[in-house]
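Notes follow once the structure below has been shown.
All of these numbers come straight from a predicted model, not from anything done at the bench. Hydrogens, waters and symmetry mates play no part in the numbers below; they use all other heavy atoms, side chains included.
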Amino acid sequence: MNLTDIIGRIHPAPPWEEATKIPWPDPEFSRRMLQNHLSQDHDWASRRQNFIDRQVGWIAGRLAPGSRILDLASGPGLYTLALAGLGHRCVGVDISPASIEYARERAAEKGLAVEYVHEDIRRYLAAEPFDCVMLIFGEFNVFSESDARVILANCAAMLRPGGLFILEGHTFESIRESGRAPASWWSCGPDDGILSARPHLCLQENYWNDAGATTTTRYFTLDAATGGVEMYCSSLSAYTLERFEELLAEAGFHRPEVLSPADWPAGGPFDGAMLTLTATRR
């Protein structure tokens with residue numbers, strides 16, 4: 001792309017249709033993202049350890065010893081490593097190669113038999129059932145509703161009857177607010193940005209689609225040395241509590257409950273912007 005392409009871009013950005021997505025599986029992008037997952041300075045990519053410890057304690061308190069746990073979009077294994085250390089049998093699935101490699105290395109160092117699978121969670125299905133499946137920190141919202149239905153159906157299929165499902169999503173209001181936010185820009189030095197390791201400017205614009213209840217964000221990186229432009233795009237589906245409950249019921253779950261912030265602290269900038277539900281498989 002070039003600057004002329006930016007000027008001639010489509011308004012508004014079409015949800016789920018832009019050709020260039022956030023490059024989650026790219027090795028270099030995933031390496032840069034991993035550093036943010038591991039940072040204890042913020043809660044943007046993964047929560048800081050004190051929040052993780054509290055949530056792990058809540059999970060462990062509701063499962064029998066040695067339970068089999070699946071963490072979808074597990075990142076660098078921060079939850080599975082902690083739960084495995086408490087004696088649970090854990091599987092983590094993530095599309096990021098750097099995160100999976102890191103998690104495998106930490107498990108080996110700790111002598112923990114955790115299985116880590118490098119896979120898109122929309123395609124993952126395990127033969128042996130789980131006692132608990134978790135999909136947390138808003139990852140559910142990054143998929144279209146049709147994909148989200150597939151994921152929920154797979155989660156139900158992989159849970160034993162009565163098994164615990166933990167689903168944490170962004171609230172409807174927080175996604176709508178991000179879609180209505182004004183355009184912005186910032187500069188990044190070498191290895192200072194997520195989308196590029198080279199010095200660049202990043203331009204961001206957001207669109208809220210009221211009819212489809214989606215927010216779409218475009219990111220344009222302008223390389224400082226070459227002037228080259230790259231575009232990346234991300235969409236988020238917004239769900240009300242009632243819609244979350246409907247989707248869970250359609251997938252085969254019942255008795256959804258909303259966790260309180262005391263039981264499940266959202267962490268940092270996500271206070272009041274996350275909704276965590278638990279349900280059991282019928």
Practice task
Return yes if some donor-acceptor pair links the side-chain N/O of Thr171 with the main-chain N/O of Ser174 below 3.5 Å, else return no.
Solution key: yes
Exercise for the section: Fit a plane to each ring of Tyr239 and Phe244, take the angle between them on a 0 to 90° scale, and name the class: parallel (under 30°), tilted (30 to 60°) or perpendicular (over 60°). Expected result: tilted
Exercise for the section: Please answer whether the main-chain N or O of Pro265 pairs with a side-chain N or O of Arg54 as donor and acceptor at a distance below 3.5 Å. Expected result: no
Exercise for the section: Keeping the roles fixed (side chain from Ser30, backbone from Asp26), state whether a donor-acceptor pair exists under 3.5 Å. Expected result: yes
Completion exercise
Tightest non-hydrogen contact, residues Ala45 and Met33, listed as CB-SD, 3.9 Å
Problem - Ring-ring centroid check Phe137 Phe270, cutoff 6.0 Å - result: yes
Handout entry: Flag for Gln204-Trp185: side-chain donor and acceptor within less than 3.5 Å
Key = no
Problem - Check: Thr216/Ser235 side-chain N/O donor and acceptor closer than 3.5 Å - result: yes
Handout entry: For Arg68, side chain to side chain donor-acceptor pair (under 3.5 Å) partners two or more places apart
Key = none
Problem - Donor-acceptor contact below 3.5 Å, side chain His88 vs main chain Cys90 - result: no
Problem - Arg281 side-chain N/O to Leu159 backbone N/O, donor-acceptor pair under 3.5 Å - result: yes
Exercise for the section: Just do the side chain to side chain contact (heavy atoms under 4.5 Å, CB included) check on Phe29 and Leu195 with the steps written out, would you? Expected result: CA-CA 7 Å; Phe29 173 84; Leu195 293 171; 4.0 Å; yes
Practice task
With sequence neighbours excluded, tell me which residues meet side chain to side chain donor-acceptor pair (under 3.5 Å) with Arg32.
Solution key: none
Practice task
Would you please test Arg89 and Glu128 for salt bridge (charged side-chain N to carboxylate O under 4.0 Å, His left out) and show each step?
Solution key: CA-CA 12 Å; Arg89 297 171 293 148; Glu128 183 182 348; 3.7 Å; yes
Handout entry: Cluster link Ile52 to Val91, ILVMFWY, side chain under 4.5 Å
Key = no
Problem - is_close_aromatic(Trp208, Phe172), centroid dist under 6.0 Å - result: yes
Practice task
Please assess Glu28 against Arg31 for the test salt bridge (charged side-chain N to carboxylate O under 4.0 Å, His left out), listing each intermediate value before the final yes or no.
Solution key: CA-CA 5 Å; Glu28 289 305 309; Arg31 178 189 61 79; 3.1 Å; yes
Exercise for the section: For the pair Ser67 (side chain) and Ala64 (backbone), establish whether a donor and an acceptor sit closer than 3.5 Å, ignoring hydrogens and angles. Expected result: yes
Practice task
Say whether, by atom type as modelled, one donor and one acceptor occur between the side chain of Gln40 and the main chain of Gln49 under 3.5 angstrom.
Solution key: yes
Practice task
Please check if the side chain of Asn141 supplies one atom and the backbone of Gly169 the other of a donor-acceptor pair under 3.5 Å.
Solution key: no
Problem - Thr217 and Asn206 side chains, donor-acceptor separation under 3.5 Å - result: yes
Handout entry: Criterion side chain to side chain contact (heavy atoms under 4.5 Å, CB included) against Tyr116, the qualifying member of Arg104, Glu105, Arg106
Key = Arg104
Handout entry: Donor-acceptor contact below 3.5 Å, side chain Arg62 vs main chain Trp58
Key = yes
Practice task
Might you confirm whether atom CG of Leu125 has over 12 heavy atoms from other residues, nucleotides or ligands at distances under 6.0 Å?
Solution key: yes
Practice task
Determine whether Leu72 and Tyr79 fall in the same hydrophobic cluster, where Ile, Leu, Val, Met, Phe, Trp and Tyr are linked whenever their side-chain heavy atoms lie under 4.5 Å apart.
Solution key: no
Exercise for the section: Under the side chain to side chain donor-acceptor pair (under 3.5 Å) rule, what do Asp223 and Thr226 come out as? Steps first, then yes or no, please. Expected result: CA-CA 6 Å; Asp223 190 277; Thr226 68; 3.3 Å; yes
Problem - Flag, side chain of Lys110 to backbone of Ala82, donor-acceptor distance under 3.5 Å - result: no
Handout entry: Donor on one side chain, acceptor on other, His11 and Tyr207, under 3.5 Å
Key = yes
